[in-house]
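These notes concern the structure reproduced below.
Everything numeric in this text was worked out from a predicted model, so none of it was measured.
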Amino acid sequence: MEPYDALPEPDPYSASRDAFERLISTLADGPAANMSHDELEVQLEQLGRDLLRQLMQNHLDQRARKEEDTMRADGGQPLVIGPEGRPRTWRERGHRRWLTCVFGSVRVTRIAYRDRGVPNVHPADEALSLPAGRHSRGLARLVVLEAVRGSFDHAQAAIERRCGKVLGKRRLKELVVASAVDIAAYYTAKIPTPCTREMPLVIQIDGKGVVMRPEALREATRRAAAKSAAAGRRGRLAPGEKPDRKRMATVACVFDAVPAPRRPHDIVHPPGGRSKTRPPRQGPKAKRKWCTASVIRPPEQVVADAFAQAASRDPQCLRDWIVLVDGARHQLDLIQDEAARRGIHLNILLDFVHVAEYTWTAAHAFHPVGSREAETWAADKLTAILAGQAGRAATEMTAQAAAEQLSATRRDAVTTCARYLTGHLDQLHYDTALAAGWPIATGAVEGACRHLIADRLDITGARWGLDGAEAVLQLRALITNGDFEDYWIFHTAREHQRLYPSPDQQDYRLTA
């Protein structure tokens, strides 16, 4: 007796093939023949996204059928253990959930393994590493890359242009916050690139205010804002008065510097201009720059993180540690306390740009603004400061002010500069720094403040909550460091561990 012919297996991708044939038909014989190239681009983008979504759906349906075929082929009940260690004694087909990806929304069908008093277990969810929510990690990755570039409204519009209407603004913010949860763990596990001991290790700390919503302000600022509101609205602020709407973010920068010895005249040109026979030498170059910023954590924690990053690069403290500050006493105290706690010898330098600003203000007390005499006076004093003679420069300007009997206002400008110099003499060893090829300005952290905060958090109309501001700050710093792609792999693995822990999982850590 001849055997019956077996029915052919249904094509799991028949719907995708039909969609592709319709797309070709539209291009070959349909209205596309009379479209301009820009209309054709729009049509192909929409139809192509629909085709990709259908391919994704067909693949998920194929995996669901294979899971059911495997279940029917098993003679007995397979043993599935839940994360709490209890077995699931029966199973149920047809459990569905939605997944919104970069192509649109698809439906995931899988088998649920169940038991009384415990949540269902879906092995297919673990195999697919499905997220806890509805939106895929690919979509979350796109959300992060768009949200750190511009406003949340612009990010949502950009995602809608590419993926269709797949998420709202509130969910977009939640995905950004959730995507930043593993940044601290990533940098704890990351091993930095080794460096020679001849390259100095530079740490720079600075701060910048971020406009916050009232509930996100620090307590003292919130009380001051409430007091101002109770006093009534005024036309304008008084001189020196703050609007009490910002919260200070602390920014830290750590990098290896390629030393470049220089002379004072490489920094400040002599009166009358430079000689063409001796061009100025270039300054040191920053390598492997690492930035971090926080609006939630206290400044001492950010300082500690910067020192931890520096210690990972030089665990035996064999290199020269250079710390550049802008003269803020609070930051300087935090830096010195952290160095003392770790037993590290620091070379602390004051940002030369701040010194130059005070010196130019004193110069304009003696000579008109923009005059050749003011330029010569400032160049003379700044050259002396760079040569390690800051005390002499302060004494000379004070004596000159007394001899010329300046007015009270002009004398105050000179006195302020002199006090600034004499109060920071131990941080003005520029002669040593220039000879060793160290940097003497905080350009790296100043640039980080502008890029991390001003270019995103300080855009017009922005008012931030704590979680959103912290997540955007950390993600922008991560991308600036060039670590986003590695971090996303690390974050995806950590998220999988959190969602699908094994009952016999050992205590181990991921390395970046």
Salt bridge present between Asp256 and Arg319 (N-O < 4.0 angstrom): yes
Side-chain donor or acceptor of His135 paired with backbone N/O of Val166 under 3.5 Å: yes
Below 3.5 Å, can you tabulate the donor-acceptor pairs from side chains in residues 145-152 to any protein atom, sequence neighbours excluded?
from	atom 1	to	atom 2	distance (Å)
Glu146	OE1	Arg149	NH1	3.3
Glu146	OE2	Arg149	NH1	3.4
Ser151	OG	His154	N	3.2
Ser151	OG	His154	ND1	3.4

salt_bridge(Asp69, Arg72) N-O dist < 4.0 Å: yes
Check: Gln309/Asp305 side-chain N/O donor and acceptor closer than 3.5 Å: no
Proximity of Tyr187 and Trp290 rings by center, below 6.0 Å: yes
Test: Glu338 and Arg342 ion pair at under 4.0 Å: yes
Over 12 foreign heavy atoms within 6.0 Å of CZ, Arg162: no
Donor-acceptor contact below 3.5 Å, side chain Arg110 vs main chain His95: yes
Presence of salt bridge, Arg450 and Asp455, under 4.0 angstrom: no
Residue pairs, two or more places apart or on separate chains, that pass side-chain hydrogen bond (donor to acceptor under 3.5 Å, both in side chains) and touch residues 197-209: none
Arg341, CZ atom: more than 12 neighbouring heavy atoms under 6.0 Å: yes
Thr221 side chain vs Leu217 backbone, donor-acceptor pair below 3.5 Å: no
Donor-acceptor pair between Gln62 and Tyr13 side chains, under 3.5 angstrom: yes
Expected output: side-chain Asp351 to main-chain Val353 donor-acceptor under 3.5 Å: yes
Partner set under side chain to side chain contact (heavy atoms under 4.5 Å, CB included) for Ser14, not counting sequence neighbours: Asp11
Asn347 and Trp438: side chain donor to acceptor below 3.5 Å: no
Asp458 and Lys246 ion-paired at < 4.0 Å: no
Salt-bridge present (Arg88, Glu84; N to O < 4.0 Å): yes
Residues Glu67 and Arg63 bridged, charged N to O under 4.0 Å: no
No-hydrogen, no-angle side-chain donor-acceptor test under 3.5 Å, Thr250 and Ser294: no
Main-chain N/O of Thr89 paired with Arg114 side-chain donor or acceptor, under 3.5 Å: no
Inter-residue atom distance Arg476.CZ - Leu457.CG, 0.5 Å rounding: 7.5 Å
Polar contact flag, side-chain donor to acceptor under 3.5 angstrom, Gln46-Asp50: yes
Within-4.5 Å side-chain heavy-atom neighbours: Tyr487 and Ile183: yes
Side-chain donor or acceptor of Asp182 paired with backbone N/O of Tyr186 under 3.5 Å: no
